[in-house]
Undergrad: 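First the structure, which I've put down as structure tokens, then a few questions once you've had a look.
As a basis for the values below, the full set of heavy atoms in this structure was taken, side chains included, without hydrogen atoms, waters or symmetry mates. Since this is a predicted model, take the numbers as computed values, not measurements. Every chain is numbered from 1, with letters handed out A, B, ... down the list of sequences.
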Amino acid sequence: MLRLWEDCFVEEYWCMKPEYDPCEVEDRWQRAWDSAGLFHVDRDSREKFFITIPYPYLNGNLHVGHTRTFTIGDVIARFKRMQGYNVLFPMGFHVTGTPILGLAELIAKKDPQTLDVYHRFHNIPMDLLVTLNTPSKIVEYFKREAEEDMRSIGYSIDWRRKFTTTDDAYKKFITWQFNLLYERGFVGRGSYPVRWCPNDDNPVEDHDILRGEGATIIDYTLIKFRLSESGLVLPCATLRPETVFGVTNLWVNPLVTYLQIEVIYSDDRREEWVVSREACEKLRFTDKRVKIVGEVSGRELIGEHAVNPINGASVLILPASFVSPENGSGIVMSVPAHAPYDYLALRDLYDVDLSEYGISEDIRDIEFISLIRVPGFGEFPAVEVTEELGVTDQSDPRAEEATKIVYRREFHSGELTERTGKYAGMKVSRVKDVLVEEMMERGFADLFYEFSEEPVICRCGARCVVKMVKDQWFLTYSNPEWKEEVYRCLSRMKLLPPEIRTEFENKIDWLKDKACARRRGLGTRLPWDQEWIIESLADSTIYMSYYILSKFIATKVRPEQLTESFFNYVFLGSGSVEAVARETGIPLEVIEDIRADHEYWYPVDLRSSGKDLIPNHLLFFLFHHTAIFPEDRWPRGIAINGFVSLEGEKMSKSKGPLLTMKRAIKEYGADVTRLYILSTAEYTQDADWRSGEIEAVKKHLERFYRIANNIINRRATTGEREEKERDTIDRWLLSRFQHRVSETIDALERLQTRRALQSAFYMVLNDLRWYERRGGKEALPELLHTWTRLLTPFIPHICEEIHSEIAEGFITEAPYPTPDPTQIDKDAERREEYIQKILEDIEEILSVTKIAPEKIILYTTPHWKKNVYQTALRLKLQDGLDMKRVISEIMKDPEVRRHGKEAPKYTQRIIAEIKKMTDETAKLQASNPLPEKEILTETRKFFEKELNCKIEIQSAEKTTYDPQQKSRHAEPMRPAIYIISKDSENER
RNA sequence: GCGAGGGUAGCCAAGUGGUCAACGGCGACGGACUCAAGAUCCGUUCUUGAAGAAGUUCAUGGGUUCGAAUCCCUUCCCUCGCACCA
């Protein structure tokens, strides 16, 4: 390697610019890579590595958040490429769905906020921005920009494979895929509750919501009590259907006017219900129809009796102020044993005269019914908790707290009692689903949906509701067998960081069926029901396989030739190639070529992505792969990284603040941006982009360039290099460097770009500081040669630039360094540590004593201490290091005996020190003790330069000058120090 | 509420049983260079210390251990996700 470097140098005239100009350098190398087609990869005999990053959604420019995820991918792609893999790193563009449509509309109507954000934060000139008023113009614009950005930051992407998710060929691919899913039974149809704006007549998404963004849909059970006389249904909404066994009465608010309504089920069953006006409105959006029949005042209901469907018990209807017509049906079932509100409301009535409602019974006679057993509580947990907290009445805010406590305890550790018949002994947490299902079957109950917080207001100003969307198509992710397959897939995958495995497992459990088609937006139509457009997360689950095909589109294959059998053959290997060739008209060799490419490249080895995609895209990515592909084509790895914030603030595409990739590159250059984003945070940690920090990174990179420049320059001007024996310091530098190399590789294998850069960049820079301080020079060219290669995946442009001065060819194609064990020199490392330690000690003494030194004398250890030290080391390695043994050993030595007083003291201290030592170090110290005197003599000049005073080396064995008897402190590896002050009288 | 992750010096952040007063970066301070500033380079940066040392630290309180930032438990706090939306 050194040869290469020299050959090139002696002859060629050095032409590297002394000042680093990122713009010029980066552009030049990007063009060079491109024209050499470095990243256009095809099937060959090498081992492949297929890495993908989720394609960006084109409703804006790429920003520094994308930059993080994509750059991590590029580093791995470049790293693997240099390691000799045939690396495929492709990119496409995601445009299906509604946001681009929405953006086009906003721009078309010149929405001021949108124009402002896209102008200021997305850096689009205003005159151009206003022309982006259709989805296709938006897609065209951002597609061009995104590719340009990714090129100008130096990503090693095979651009021949790019595509857009609305391309005809891609749509064929999606159609094939959905037909397959449908055939294989992964698609279902049913009704679905969604957040809905009645004014827009559309589902609302988070960003459509003005108020109540956090609201989720909660499913209540509606239990149908019936009035004893009229048979009217009094539906009671509850989150705890199991407590139906403990109902003692119902609650109605006497101040509310209820509606009597006719409820018509989709199968034409009819029932008459009594509910609040608000509840009636909510019911309009369910799959039932409602007709108002009349009004009933709360007062009228109170005093009547109703029948509990579960056990036929007759219960009294009582007044309660806590009952709100806004919640549920406006009628509440009362379970005083387990619900603090019910207990309080009942207690509040104890001394109230209810005769105005025609109630003559004594409320105190109502017996509480205990149906849940909880450890730590008696029969009536609600009563206990209420009393404990001292809740005064039903309007006391602490009633809410009491409710939470009881609910939580009962849910997690409660068990149903005999009172519940066949459910006795079941855990509360398990019984709900079973019970509800059974009650629904028997017509005792129904489902009812509510927002977790009210109100939810749409951007149009209307109040949103929960609507049942009928005949919705969905992917049946809840299918346990499907989940089982995904588990199997996951269990064999490499996940980075490893902690995210539980996250994935939890999310697999949690995943329910998911609607996969919408009425609005860009995308592919559902093949068997053209009314619907396939939802955009559903159409981007296995598209990585499409990259393999996309290379052939437009050159060898036309979209209309992409038939079902074509896909079945190239992706699944089913059918015959002859039949496909006949059917499609695609030449047989081309089909076989595509098939072979698929077999070669697939599966995906690593998908690297932001953490926001775990509960959706990445999960679907796994589900669909297991559904469509055979096991050997299932993904092999996923890596997750965190977000990027801007000076502590969250970025937002639609509201700002936002820093685009374009602007970052323009301001700092591609390599600085890469270096910064890779080194600022690791894995799932969020990175905070700070201009102060990136400026510092820029300076570091400039320093790197300067160092390289100096090395090259010096060589070039010196001309011939005299073959010099390597000094210890050269061996030290190269030895340290081997550790840096192995750590960098280890970190990269785990995708720890931050750790990798700490080692490959910052640590090496620091090593160089010491090296230079020690006067090292000779190892620099050799170091530079390997160092640039080590750094190439991170900062490829500057490395190419340096490399072009010292070697032939692209460094991008050069082999990645591997640690060279022959360069590891433990002695050199120990030597430098020894020197550093002495320097530190002297500096510490100087700073404490504030002596201006005239001269410093270093006394090396006396022989007898060396003996003790070696004996202790030997005994440690023989595993018998204790005071007694050491003493008895060393006392055999007459020389030691002569120091009989000091020896035990010293021994004791040295034992503690040596005990802490690793065996490896001990072995080295024992077998190969450092020649201290020799080292110090060699290093004298260095100390003199550093400390700016004279240095003298003496042996403690026989000193020539030691007025303060400092030499008695001398020990092996720790020479005694005596500092002679400039103002000292007793100078020699 | 449920789930996941986290709380380390002025700030960011590494560290998961001894080699840790704790990598690295920022900031701050000192020095070199310069007429000067900036840039650059070198060094210092918990406290105390007139000799290379000692003391007190890693959210909190307790425990395990010869030994804990690191393991176990308590409490407090922070971030993210909880869906049909990319």
Undergrad: Can you tell me how the ring of A/W770 sits relative to the ring of A/F942, calling it parallel under 30°, perpendicular over 60° and tilted otherwise?
TA: perpendicular

Undergrad: Can you see if the side chain of A/R706 gets near the phosphate of B/U40 - specifically, an N or O under 4.0 Å from OP1 or OP2?
TA: no

Undergrad: Answer yes or no: is there a side-chain heavy-atom contact under 4.5 Å between A/I835 and A/F943?
TA: yes

Undergrad: Among B/A83, B/A51, B/A13, which nucleotide has an atom closest to any side-chain atom of A/Q685?
TA: B/A13

Undergrad: Could you tell me how far apart A/L846 (CG) and B/G43 (C1') are, to the nearest whole angstrom?
TA: 14 Å

Undergrad: Sticking with atom P, work out how far B/A69 lies from B/U57, rounded to a whole angstrom.
TA: 9 Å

Undergrad: For B/A14, take OP1 and OP2 only and decide whether either is under 4.0 Å from a side-chain N or O of A/Q752.
TA: no

Undergrad: Quick one: A/I508 CD1 to B/G3 P, roughly how many Å, whole number?
TA: 18 Å

Undergrad: Can you tell which of B/C84, B/A51, B/C80 lies closest to the side chain of A/K650?
TA: B/C80

Undergrad: Can you check the distance between B/C80 and B/A32, where both ends of the measurement are the C1' atom (answer in whole Å)?
TA: 49 Å

Undergrad: Looking only at side-chain N and O atoms, does A/E971 offer a donor or acceptor that is under 3.5 Å from a partner on A/Y906?
TA: no

Undergrad: Once you round to the nearest 0.5 Å, how far does OG of A/S691 lie from NZ of A/K698?
TA: 12.0 Å

Undergrad: Would you say B/A86 has OP1 or OP2 under 4.0 Å from some side-chain N or O of A/S536?
TA: yes

Undergrad: Could you tell me the separation between the NZ atom of A/K923 and the NZ atom of A/K876, rounded to the nearest 0.5 Å?
TA: 11.0 Å

Undergrad: With nearest nucleotides of RNA chain B determined for A/T684 and A/P975 from heavy-atom distances, which residue corresponds to the more 5′ nucleotide?
TA: A/T684

Undergrad: Expressed in angstrom and rounded to an integer, what is the separation of A/Y859 atom OH from B/G52 atom P?
TA: 16 Å

Undergrad: Which is true for A/E844 with a 4.0 Å heavy-atom rule: it touches a base, it touches only sugar-phosphate, or it touches nothing?
TA: base

Undergrad: So what does A/D513 hit on the nucleic acid, given a heavy-atom distance under 4.0 Å: a base, only sugar-phosphate, or nothing?
TA: base

Undergrad: Answer yes or no: side-chain N or O of A/N616 and base N or O of B/A86 forming a donor-acceptor pair under 3.5 Å.
TA: yes

Undergrad: Side chain of A/R195, heavy atoms from C-beta onward: which of B/U79, B/C84, B/A53 has the nearest atom to it?
TA: B/C84

Undergrad: When you measure from the side-chain N and O atoms of A/R974 to the phosphate of B/A53, is any distance below 4.0 Å, counting only OP1 and OP2?
TA: yes

Undergrad: Using the P atom on both, measure B/A21 against B/C72 and round to a whole Å.
TA: 23 Å

Undergrad: May I ask you to say what A/A976 touches in the nucleic acid, namely base, sugar-phosphate or nothing, with a heavy-atom cut-off under 4.0 Å?
TA: base

Undergrad: Given 3.5 Å as the limit, does a donor-acceptor pair link the side chain of A/S759 with the main chain of A/R755, or not?
TA: no

Undergrad: Taking atom P in both B/C42 and B/U47, what distance in whole Å separates the two?
TA: 25 Å

Undergrad: When rounded to the nearest Å, what value does the distance between C1' atoms of B/U70 and B/G6 take?
TA: 15 Å

Undergrad: Check the interface with nucleotides 23-25 of chain B: list each N/O to N/O pair with the protein under 3.5 Å, or write none.
TA:
| residue | atom | partner | partner atom | Å |
| --- | --- | --- | --- | --- |
| B/G24 | O2' | A/Q758 | OE1 | 3.1 |

Undergrad: Apply the test side-chain hydrogen bond (donor to acceptor under 3.5 Å, both in side chains) to residues A/Y834 and A/E932: give CA-CA distance (whole Å), side-chain angles for both, the deciding distance (0.1 Å), then the verdict.
TA: CA-CA 9 Å; A/Y834 174 69; A/E932 296 187 48; 2.6 Å; yes

Undergrad: Can you tell which of B/C84, B/U40, B/A13 lies closest to the side chain of A/K514?
TA: B/C84

Undergrad: Determine the interplanar angle of the A/Y118 and A/H122 rings, folded into 0 to 90°, and report it as parallel if under 30°, tilted if 30 to 60°, perpendicular if over 60°.
TA: parallel

Undergrad: Once you round it to whole Å, what is the distance between P of B/C82 and CG of A/D612?
TA: 10 Å

Undergrad: side-chain hydrogen bond (donor to acceptor under 3.5 Å, both in side chains) between A/D513 and A/T476: does it pass, once the steps are laid out?
TA: CA-CA 5 Å; A/D513 292 349; A/T476 55; 5.2 Å; no

Undergrad: Can you tell me the Watson-Crick or wobble partner of B/A86, both distances under 3.5 angstrom?
TA: none

Undergrad: Using a cut-off of 4.0 Å on non-hydrogen atoms, how would the nucleic acid contact of A/L511 be classed: base, sugar-phosphate, or nothing?
TA: base

Undergrad: Report yes if at least one side-chain N or O of A/T98 is closer than 4.0 Å to OP1 or OP2 of B/A86; otherwise report no.
TA: yes

Undergrad: Which is true for A/F474 with a 4.0 Å heavy-atom rule: it touches a base, it touches only sugar-phosphate, or it touches nothing?
TA: nothing

Undergrad: What's A/V848 touching, base or sugar-phosphate or nothing? Going by heavy atoms closer than 4.0 Å.
TA: base

Undergrad: Please report the distance separating the C1' of B/A9 from the corresponding atom of B/G5, rounded so that it comes out in whole Å.
TA: 23 Å

Undergrad: Given the structure, check if the side chain of A/N506 and the base of B/G3 hold any donor-acceptor pair shorter than 3.5 Å.
TA: no

Undergrad: What's the gap between B/G17 and B/A22 when it is taken at their C1' atoms, as a whole Å value?
TA: 15 Å

Undergrad: If the P atom of B/C46 is compared with that of B/G24, how far apart are they to the nearest Å?
TA: 12 Å

Undergrad: Could you walk me through whether A/R706 and A/N709 pass side-chain hydrogen bond (donor to acceptor under 3.5 Å, both in side chains), step by step?
TA: CA-CA 5 Å; A/R706 237 183 353 260; A/N709 208 354; over 6 Å; no

Undergrad: Answer with base, sugar-phosphate or nothing: what part of the nucleic acid does A/K699 contact at a heavy-atom distance below 4.0 Å?
TA: sugar-phosphate

Undergrad: Please report, rounded to the nearest Å, how far the P atom of B/A53 is from the NE2 atom of A/H969.
TA: 12 Å

Undergrad: Between A/T502 and A/I842, name the one whose nearest nucleotide on RNA chain B is closer to the 5' end.
TA: A/T502

Undergrad: Does a nitrogen or oxygen in the side chain of A/R703 sit under 4.0 Å from OP1 or OP2 of B/C41?
TA: yes

Undergrad: Regarding A/I217, tell me which of base, sugar-phosphate or nothing describes its non-hydrogen contacts under 4.0 Å with the strands shown.
TA: nothing

